[in-house]
There are 2 protein chains.
Amino acid sequence: MYENALELLKEKRYPELRTMLMEMEAPDIALLLEEAEMEVVPRIYRILPKELAAETFTEMDADMQEMLIRSFSDNELGEVLEEMFLDDMADLVDEMPSSLVTRILRVTSSDNRKIINELLNYPEDSAGSIMTIEFVDFKKHITVKEAFDILRKTAPDKETVYTCYVTDARRHLIGVVTVKDLLLAPYDEIIENIMDTGVIYNYTHDDKEEVARDIEKYGFLAMPIVDNETRLVGIVTVDDAIEVISEEAEEDFAIMAAVTPSEETYFKTSIWGHSKNRILWLLILMLSSTFTGMIITNYETAMNALLVSFIPMIMGTGGNSGSQSSAMIVRGLATEEIKLKDFMRVFIKELCIGVFVGVVLAVVNALRTWLMYELMYKNDPVYAEYNIWMVSLTVGLTIIGVVVLAKILGAVLPMLAKRLNLDPAIMASPLITTIVDTCAVLLYFNIAIAVLSI
Amino acid sequence: MYENALELLKEKRYPELRTMLMEMEAPDIALLLEEAEMEVVPRIYRILPKELAAETFTEMDADMQEMLIRSFSDNELGEVLEEMFLDDMADLVDEMPSSLVTRILRVTSSDNRKIINELLNYPEDSAGSIMTIEFVDFKKHITVKEAFDILRKTAPDKETVYTCYVTDARRHLIGVVTVKDLLLAPYDEIIENIMDTGVIYNYTHDDKEEVARDIEKYGFLAMPIVDNETRLVGIVTVDDAIEVISEEAEEDFAIMAAVTPSEETYFKTSIWGHSKNRILWLLILMLSSTFTGMIITNYETAMNALLVSFIPMIMGTGGNSGSQSSAMIVRGLATEEIKLKDFMRVFIKELCIGVFVGVVLAVVNALRTWLMYELMYKNDPVYAEYNIWMVSLTVGLTIIGVVVLAKILGAVLPMLAKRLNLDPAIMASPLITTIVDTCAVLLYFNIAIAVLSI
């Protein structure tokens, strides 16, 4: 359907396009409009029925929303805003330039203006900042029939109606009842008798990722959000939870690859934007790897060609071992499987893994060195001076030491970052690799001096 | 609540624990049982009401499920299975050892046995393998009142009732109607008049990640799944979609950190399991970095101490640049923002970013080299022989070349992997780093020979 609509758009067959758009979902229409030339967007937008138009508007990116608002009369703007949910309006106000914000707030009722201001005041990344206030609440003494009447009357304005909340006179959350419960109960049953009182909720100041993880864990369609006095003030719906989980994963991917995370998608980010996001970390890592270089220069006179040839392998193995551990720990912390109190468990586990993996790698390396020496270099004068087994021992001990160190740093540093309220992901791959590189080279040279007495 | 229950469990105050468990959600009870001693688990499990017990059973990990089934009489097992959804039963059959599977299937009705077998026959990672067959469907000529009657009668057995599907006599999917639509319509309205006919659906053979991404995109509570003749055969619910998105992200994190992905969590995996998941990639990367070492040895006689000191920085910068690009592209491909047809767009974008970033890094490096030389080494006899500007030029040209190469490889290789139907994530960080390392060292030495005429 999307492909057909795109064709109609390109061939400017607007009447047929209109018929097709009526059957399409808002996210697809928003995508389609991004492919259209800027001039025709307001024209196509205007042929959509009111409700679908508002839904499509919510799905658009900020640039297109801004362009459309500039093309709207105050009347049209008012109509779109009226159909929008208040949390989407708060997002819109947050993203538009101030001149448009003034216009938007002017055509908004003063009640809604007040609510939008409140929503915008919740800290970034808090549950309050992503919640919606359009939920259904009942008093406990009403009947199921009355509940259905309320639902029928208010449903068009609510983001989700399938989970309803029960509050007392002072708006404290005291129970939850689903539409499924209502369907299964007799009409004259009192809500109090069928509501579930063990309500799970989050606070407005909770981290939005925590809320999303709880929605995932309990399989909820919505999570009630309460203020400090456990008064129900909003809900976070499951579609927002998916968005949070996806965004946080993308953010961790970026940070773990030494890219400053951005909310924009790959193609929406300019070459300049991408460069800016990547260059800072590259500079930091470049300057820090200069130390490794200086250490090598310092020791170089004592080293010989064979020993130097192992340096890339030792650095690489250390870096990769560290990345492995840090990635596991960073994600474990993100999904809350690993908690700070598990510190010693993780430490011991990584230590054991490090020793085991290190020994295996050291043995494989010794075999590889011996094989290559036997097959290729036995009569090469450059290698004749070395005791190949002593070299393997040196390299093997270094590998074990480096892998153990890398595993421990990879586990400890993200947990330390979390303890200091930093994002654990910054301690992932690139930074760990750079730290381990420097340690690896130092360790290698000192073991070489000790074992080979050079 | 969870903490209080844990305390009651540890103090073996079972009657009080029981009261508390009744108020708790199944995922929390399953977590709690993992903290309990193995012997008391069946005892605590038995004090749960039937429905809650079945829900809790579904949330448990396979080990505990197995242990419980062994402690069940056939009668008890039958009761648990009766309360379970068929897709959860199929998962259970998939995970239990064959002796228990025989027992499970024996106490299952032959109708359900047939369905479970069908579900198990869908390919791994397909929509069919995660769908549930307990959905609500209507015929188009019934009234809203009749629809509510059907809902009331069948709701207890359905996983989700809020999105209902309309099918024709041959089970073709022809429309969709939500409970919200039903609530807003008059009782005597015919379903055909209120149903939405532009139904979005997936096929049983579609990748489960595609289904999850569509559920995310459209904000659905469930996605209808059809067979090759567009007959409705099941639905995928939003909670399963979240699980798929989370799992796929964790899998990509593991692969990108050179860890063989596993479905088990960090603590559930033994030290031996972790080592096994990590050692394969370390071995591959270790052996491949041996090439880099051999190249360095080959050229070492021509190089001098100052030039060698830049090697870790050049290798590190190349590796990090490549990781950045590959991470962006791998995630772009995973979330379907980047498609294979965008190949040239991505190529040109990364090329430009590479040139820009490379030049900036080269300039910073030249400044750094000059500063260190002026401040620290000016009178050091080791450095007296070098023309510091020619060395900076050599290193700078290498950095630009390596960064451009790394950016291009980081973009091209994941797309190539996708083209070959491999997982793009295997082309991320560690493999890119190793490939870039080798190229970087080769490039560096050849530029040095050309520029410095050594």
Side-chain angles (χ1 to χ4, degrees), chain A residues 23 25 27 151-152 155 161-162 179-180 183-184 198 216-219 238-239 242 249-250 253 257-259 265-266 271 274-275 278-279 282 285-286 289-290 292-294 296-297 300 305 308-310 312-313 316-317 320 323-324 327-328 331-332 337-338 349 352-353 356-357 360-361 364 430, chain B residues 23 25 27 151-152 155 161-162 179-180 183-184 198 216-219 238-239 242 249-250 253 257-259 265-266 271 274-275 278-279 282-283 285-286 289-290 292-294 296-297 300 305 309-310 312-313 316-317 320 323-324 327-328 331-332 337-338 349 352-353 356-357 360-361 364 430:
Chain A
E23 290 278 291
E25 300 282 329
L151 268 179
R152 278 209 186 79
V161 300
Y162 302 127
V179 168
K180 191 168 166 178
L183 282 171
L184 294 175
E216 178 181 13
K217 176 175 165 191
Y218 297 113
V238 65
D239 53 316
I242 299 185
E250 296 317 312
F253 272 113
V259 177
T265 57
Y266 181 82
I271 289 171
H274 275 296
S275 304
R278 298 184 193 183
I279 217 159
L282 286 182
L285 299 173
M286 186 174 94
S289 63
T290 304
T292 317
M294 284 162 67
I296 294 181
T297 317
E300 216 215 357
V308 169
S309 77
F310 287 106
M313 187 273 287
T317 302
N320 290 327
S323 304
Q324 291 179 330
M328 295 292 104
R331 288 312 297 171
E337 196 221 337
I338 300 176
K349 195 149 192 167
C352 297
I353 298 170
F356 183 76
V357 169
V360 173
L361 293 182
V364 172
Chain B
E23 291 278 292
E25 301 283 327
L151 268 179
R152 278 210 185 78
V161 300
Y162 302 127
V179 168
K180 190 167 165 177
L183 281 172
L184 293 175
E216 178 182 12
K217 177 176 165 190
Y218 297 113
V238 64
D239 53 318
I242 300 185
E250 296 318 312
F253 272 112
V259 178
T265 56
Y266 182 82
I271 290 172
H274 276 296
S275 303
R278 299 184 192 182
I279 217 159
L282 286 181
L283 278 174
L285 299 173
M286 185 174 95
S289 63
T290 305
T292 316
M294 284 163 68
I296 294 181
T297 318
E300 215 216 355
S309 77
F310 288 105
M313 188 272 288
T317 303
N320 290 327
S323 305
Q324 291 180 329
M328 295 291 103
R331 288 312 296 170
E337 196 221 335
I338 299 175
K349 196 149 191 166
C352 296
I353 298 170
F356 183 77
V357 169
V360 173
L361 293 182
V364 172

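First the proteins, then the strands, lettered A, B, ... as listed; each starts at 1. This one's a predicted model, so the numbers in the text were calculated from it and none came from an experiment.
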Looking at B:Thr317, B:Leu282, B:Leu283, B:Asn320, which has the largest count of heavy-atom pairs under 4.5 Å with chain A?
B:Leu282
Given A:Arg152, A:Gln324, A:Met286, the one with more heavy-atom pairs under 4.5 angstrom with chain B than any other is A:Gln324
Quick one: which of B:Ile338, B:Thr292, B:Val360 has the most heavy-atom pairs under 4.5 Å with chain A, could you say?
B:Ile338
Looking only at atom types and distance, does a side-chain atom of A:Tyr162 sit under 3.5 Å from a main-chain N or O of B:Val161, one as donor and one as acceptor?
no
Tell me which of these, A:Ile353, A:Leu361, A:Ile279, has more heavy-atom pairs under 4.5 Å with chain B than the rest.
A:Ile353
Of all residues at least two apart in sequence or in a different chain, which pass the side-chain contact (heavy atoms from CB on, under 4.5 Å) check with A:Glu250?
A:Phe253, B:Arg331, B:Thr335
Choice from B:Glu216, B:Arg278, B:Glu23 maximising heavy atom contacts with chain A below 4.5 Å
B:Arg278
Over all atoms of both residues, closest heavy-atom pair of B:Ser309 and B:Pro312
O-CD, 3.5 Å
Heavy-atom pair count under 4.5 Å with chain B, highest-scoring of A:Gly198, A:Ser275, A:Ala155:
A:Ser275
Residue part contacting chain B, namely of A:Tyr266, when any heavy atom lies under 4.5 Å
both
Answer key: most heavy-atom pairs under 4.5 Å with chain B among A:Leu285, A:Val364, A:Ile242, A:Val238 is A:Ile242
